[in-house]
Structures are given as structure tokens and as C-alpha cells.
Protein chains: 2
Amino acid sequence: MNELLSNCTLFKGISPREVLNIFDGIFYQTKFYEPRDIIAYQDDNVEHLMIVLKGITRGEMIDLNGKIVIIEEIESPRPLAPAFIFGQNNTYPVNIVSQTKTEILKIPKSELVKMMQKNDKLLVNFMNNISGRAQFLSQKLKFLSFHSIKGKFAFYILNLAKNSNSNYVTLPFSQSKLAELFGVTRPSLSRAIRELHNDNIIRAEAKNIQIINTYELYEVMR
Amino acid sequence: MNELLSNCTLFKGISPREVLNIFDGIFYQTKFYEPRDIIAYQDDNVEHLMIVLKGITRGEMIDLNGKIVIIEEIESPRPLAPAFIFGQNNTYPVNIVSQTKTEILKIPKSELVKMMQKNDKLLVNFMNNISGRAQFLSQKLKFLSFHSIKGKFAFYILNLAKNSNSNYVTLPFSQSKLAELFGVTRPSLSRAIRELHNDNIIRAEAKNIQIINTYELYEVMR
DNA sequence: TCAGTTTTGTAACAATTGTTACATGTTGGC
DNA sequence: GCCAACATGTAACAATTGTTACAAAACTGA
């Protein structure tokens with residue numbers, strides 16, 4: 001188990017020997033699930049840190065028509081919903097379902113606190129995990145706050161340009177993938193790109209984009 | 001200072017005496033700022049936990065037309081951007097500007113780790129803070145993922161109804177506030193409500209809403 | 001009660017995006 | 001070189017939402 005955990009982001013930089021030491025004197029349990037078993041129900045209280053040791057789980061949401069919307073797959077070794085252990089609303093945001101035969105490590109919240117106080121790397125790793133999630137969501141939210149497709153696209157390629165330090169950028173995905181990423185349809189994205197092109201703000205040829213008028217491109221974002 | 005900190009969410013449940021103990025042997029500094037001083041620049045590395053001891057600060061974003069968009073005001077005693085100390089992207093998401101005469105407590109990241117290992121309440125409080133932020137953003141994102149105004153409104157009043165355990169709900173805000181919350185315009189929201197009313201899914205009279213067809217209302221959310 | 005403010009309802013029109021469908025272009029294996 | 005699968009460009013039309021404007025209703029303080 002300790003070798004497995006060493007590969008988990010929560011235990012990054014911690015040797016299997018150190019992991020053993022961290023778990024010394026700590027209450028925990030492991031549980032096994034079959035495919036389609038529900039590991040945790042939406043709105044249930046989160047009282048443990050759960051780590052997928054073996055197998056694959058899936059967070060799914062059921063709208064009341066019975067339609068299942070898959071949210072995310074979590075493969076071993078990864079923690080389940082670590083951002084919902086602490087905070088005001090300690091309930092699972094979605095149902096967690098086992099997809100394969102699965103082994104789950106369960107650590108009570110109070111024991112987790114002890115572990116983090118014992119080992120500073122674990123503490124920082126856990127912080128990194130939750131903070132990273134907050135930052136990811138923050139980015140996503142910022143992105144969604146651009147109302148128009150042109151705005152989203154402008155933001156996107158301006159970021160690409162900033163990272164590559166150039167006015168020439170190459171789209172890393174197909175327009176279909178990008179459209180999906182943006183939450184819009186492919187023809188709509190295509191039209192937005194063409195309009196920016198026709199307005200002489202960018203020059204777009206397939207995946208290669210040249211930013212011609214940086215000021216106007218910022219203006220598009222509003 | 002320790003009395004002040006006792007009122008800060010990070011030090012909730014920790015007595016002024018305990019606060020003194022936590023700070024024993026810890027490096028920290030306080031800095032003073034005048035109104036309009038920039039306390040931290042967007043994209044600068046976050047290397048300290050900063051806590052507003054006195055005064056009011058403001059997170060602002062400047063789009064390149066020079067237009068300033070106010071994001072959030074932070075009054076003492078509150079931590080600044082605690083969710084950006086750890087994680088992958090340790091940079092301030094926005095400029096932080098002093099609005100009044102301000103006193104800021106700066107604690108290096110490594111010292112913060114020591115403090116949290118020394119005191120489990122501080123550790124849990126910090127976790128609660130950043131987890132709460134992640135949960136808040138998660139909720140907000142879920143909300144924005146409903147594309148239509150009707151969908152957002154349906155989700156909103158179904159939540160109200162769930163909390164009050166009734167099919168009759170009273171909107172707690174004016175339509176203007178609600179529209180702002182939803183990120184849409186007031187007439188558009190008004191129209192959406194009227195259409196749901198005309199379709200006999202709800203009965204809406206001013207702020208009083210009766211849910212007539214729960215199934216259809218879920219359907220609206222898609 | 002009354003005037004002024006805020007809230008709500010509503011309508012015409014513009015702008016944006018989705019839907020659907022088809023044509024053209026590109027690429028990798030054979 | 002040729003075909004099949006995929007990516008991209010484009011167009012007509014529908015649906016949704018924003019914009020602007022105005023009127024009616026509800027609320028508020030003197």
C-alpha cells in the first residue's frame with residue numbers, strides 16, 4: 001500500500017518508508033467495491049478522506065429524468081473529492097460509483113489532521129491539491145464570464161501568445177475540441193474566427209493564427 | 001494584534017493567548033499602505049500569507065483599455081487570496097489595492113506551514129477557508145453551466161423549494177438583483193418567468209411563486 | 001394622503017448563437 | 001495516386017437573449 005501511495009499526488013516526494021511512518025498510530029480502513037457499487041451518495045456527509053488504491057471510479061450526476069451525466073473519472077491512486085472534506089458544505093457534490101473492482105482507503109478527517117501535522121510534505125501536498133482545484137475553478141469561471149464566443153477566443157489566443165511570447169500562435173486542438181472546451185458549437189466558433197479575420201484583427205489559416213491588432217483583440221473581450 | 005486576529009476566520013476559536021503562542025518563534029512582518037497603494041500586482045508570485053489587520057483593500061482587474069473592474073472588497077481582519085498561496089499557479093489573480101490607510105500582516109509560506117503544524121485549529125480553519133472557496137466556485141460553475149435563463153431560474157427556485165419543503169416560494173431578492181446574480185438582464189429574466197407562468201409550469205405573482213408542474217420544471221433545466 | 005422612488009410587466013427590434021446541411025480541404029494508410 | 005475519415009468553411013433559418021423604452025404597480029417617507 002505504501003508504495004502505491006507514494007505515486008499519489010498527496011504523497012508526492014514522500015518515500016514509502018516515510019509513508020509507513022506517517023500511518024503509524026493512525027486509524028484507517030480499506031474497503032472493496034464491485035463494479036456499479038455506489039461508494040458515496042450525493043449530499044452524504046464527507047467524513048473521511050477516501051483514496052482510490054485500485055480500480056477506477058466515476059463521479060456521476062443524475063438529473064431527475066433518470067439521465068446520467070458523467071462528470072469525471074478518477075483512477076488509482078487518487079483522492080476522492082478532497083476539496084469537500086473541509087469547508088462549510090461537507091457533502092459529496094455527486095454520486096461516486098465504482099466502475100471496476102475497486103479498493104478504497106478511508107481515513108477519518110480527524111486522523112488526516114494528525115497526519116498533516118506530523119508531516120509537512122503531506123500538509124503542503126494537500127494544500128496544493130485543494131488550492132489547485134480552487135485555482136482551476138477560478139480560471140474556468142473567469143473564462144465563462146466572457147459572454148461572447150469572440151471574447152472567449154480572444155482570451156484564449158492572447159493567453160497562448162503570452163506564453164509563447166509571439167504574435168503567431170498555433171491552436172493545439174481541432175476546432176471541434178476547442179468548441180467543446182468553450183461550450184459552444186463548432187460552426188459558431190468557426191464563424192467567430194472568420195469574423196475576427198474579416199475585421200482584420202487576426203489572420204487565421206487553419207490552426208495558424210497571427211494576431212494583427214492586439215488592442216482590438218483586447219477590446220473584443222470587453 | 002493577537003486580539004484582532006482572534007476575530008479573523010483563520011483564527012476562529014483560538015484565544016488571543018493561544019495566538020501569541022502560535023506566533024512564538026515565527027518570522028513575520030507588518031507593512032503599512034496609503035490609499036491607492038498597490039499591495040500586490042496581478043501575476044506576482046504569492047510568497048506570503050497576507051492578512052488585512054486594519055483598513056480596506058480591493059481586488060481590481062484592469063482591462064487594457066484602462067477600465068477598472070472592481071472585483072471584491074476585503075476588510076480587516078481577513079486573509080488576502082489564501083487559495084493562491086499553495087497550488088500550481090502561485091500568482092495573484094488580480095491587483096490588490098489599498099483603499100484606506102491599511103496595515104498588512106505578512107507571513108512567509110514556510111512559516112505558515114510551521115504554524116499550522118503547531119496548532120490544529122489553525123490548520124483546520126485554513127483548510128475550511130480554501131475548501132469553502134473551492135466549494136463556492138464549484139457551485140457558481142454548476143449554476144453557470146445551465147445555459148438558458150429558464151434553466152437557471154428553475155434550478156434556483158427548486159433549491160428554494162427544497163430548503164423550505166414547500167411548493168410555494170418567495171423570491172428573496174428583487175428581479176433586478178436576481179438578474180444580476182444570474183448574469184442576465186432584468187427584462188430577459190422577467191420574460192423567462194412570464195413564459196414559465198404562461199406554460200403553466202409555475203404561477204408567478206410578484207415575488208410569490210407556486211410550482212405547479214415539478215416534472216416540467218426539472219425538464220426545463222435539461 | 002401624496003409625491004417620488006423602486007419594482008415589475010411588456011413590447012419592438014437588434015445581436016448572438018444554435019441547428020442543420022452541404023461543400024471543400026487535409027491527411028494517412030494502402 | 002487514391003480513397004476514407006476527419007477537419008474546416010459556409011449558408012439559411014430558428015431560438016434565445018440583449019437593448020431600449022415606456023407604462024403600470026408597489027412601496028416609502030414626510
Side-chain angles (χ1 to χ4, degrees), chain A residues 69 140 143-157 160 168-210 212 216-222, chain B residues 67 69 140 143-157 160 168-212 216-222:
Chain A
V69 186
K140 202 115 187 180
F143 195 78
L144 280 179
S145 73
F146 295 112
H147 318 308
S148 70
I149 297 181
K150 283 185 193 176
K152 289 175 187 176
F153 187 71
F155 181 74
Y156 187 74
I157 61 174
L160 283 182
Y168 293 84
V169 299
T170 302
L171 298 179
F173 304 113
S174 69
Q175 282 189 13
S176 304
K177 294 256 178 217
L178 263 188
E180 196 182 342
L181 196 70
F182 288 12
V184 301
T185 59
R186 203 259 317 158
S188 295
L189 176 59
S190 178
R191 171 170 47 201
I193 295 174
R194 172 167 45 88
E195 283 175 11
L196 288 173
H197 177 98
N198 290 341
D199 291 349
N200 254 318
I201 298 174
I202 63 174
R203 193 168 308 282
E205 259 175 69
K207 290 191 170 56
N208 301 307
I209 304 224
Q210 178 190 1
I212 296 178
E216 281 291 337
L217 200 53
Y218 272 104
E219 193 67 20
V220 163
M221 283 170 33
R222 199 147 322 171
Chain B
K67 197 173 53 181
V69 186
K140 204 116 188 179
F143 195 78
L144 280 179
S145 72
F146 295 111
H147 318 307
S148 70
I149 296 181
K150 284 185 193 175
K152 288 175 188 178
F153 187 72
F155 180 75
Y156 186 75
I157 62 174
L160 283 182
Y168 293 84
V169 300
T170 302
L171 299 179
F173 305 113
S174 69
Q175 283 188 13
S176 303
K177 293 257 177 215
L178 219 51
E180 197 182 342
L181 197 70
F182 288 11
V184 302
T185 59
R186 202 261 316 158
S188 294
L189 176 60
S190 179
R191 171 171 46 201
I193 296 175
R194 171 168 44 88
E195 284 176 12
L196 288 173
H197 177 98
N198 289 341
D199 290 350
N200 254 317
I201 298 174
I202 64 174
R203 192 168 311 283
E205 259 175 70
K207 288 193 171 55
N208 301 307
I209 306 228
Q210 177 190 1
I211 298 173
I212 297 180
E216 280 291 336
L217 200 53
Y218 272 104
E219 193 67 19
V220 163
M221 284 169 32
R222 198 144 322 173

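In this text the structure is predicted, and so the values were computed from the model without any measurement.
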Would you say [X] places a side-chain N or O within less than 4.0 Å of OP1 or OP2 belonging to [N]?
X        : N      : answer
A/Ser148 : C/dT16 : no
A/Gln175 : D/dC6  : no
B/Thr185 : D/dT17 : no
B/Arg194 : C/dT10 : yes
A/Lys207 : D/dT8  : yes
B/Ser190 : C/dG9  : yes

Expressed as a whole number of angstroms, how long is the span from [X]:[atom1] to [N]:[atom2]?
X        : N      : atom1 : atom2 : answer
A/Leu178 : D/dG9  : CG    : P     : 12 Å
A/Lys152 : C/dT16 : NZ    : P     : 14 Å
B/Leu196 : C/dG9  : CG    : P     : 13 Å
B/Phe173 : C/dT6  : CZ    : C1'   : 17 Å
A/Leu189 : C/dG18 : CG    : C1'   : 13 Å
A/Asp199 : C/dA15 : CG    : P     : 14 Å
A/Glu195 : D/dA11 : CD    : C1'   : 13 Å
B/Phe153 : D/dT16 : CZ    : P     : 17 Å

Among B/Tyr156, B/Phe173, B/Phe155, the one residue meeting ring-ring contact (aromatic ring centres under 6.0 Å, His included) with B/Phe182: B/Tyr156
Smallest separation among heavy atoms of [X] and [Y], with atom names:
X        : Y        : result
B/Ser190 : B/Gln175 : CB-OE1, 3.5 Å
A/Leu189 : A/Val184 : CB-CG2, 4.3 Å
A/Gly151 : A/Val220 : N-CG1, 3.8 Å

Sugar-phosphate only, base, or nothing, as touched by B/Ser174 at under 4.0 Å among non-hydrogen atoms: sugar-phosphate
Contact nearer the 5' end of DNA chain D, comparing A/Ile193 with B/Arg191: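 Residue closer to the 5' terminus by nearest nucleotide: A/Ile193.
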Donor-acceptor contact present, side-chain B/His197 to main-chain B/Arg203, <3.5 Å: no
Distance-only donor-acceptor test (3.5 Å): side chain B/Arg186, base D/dG18: no
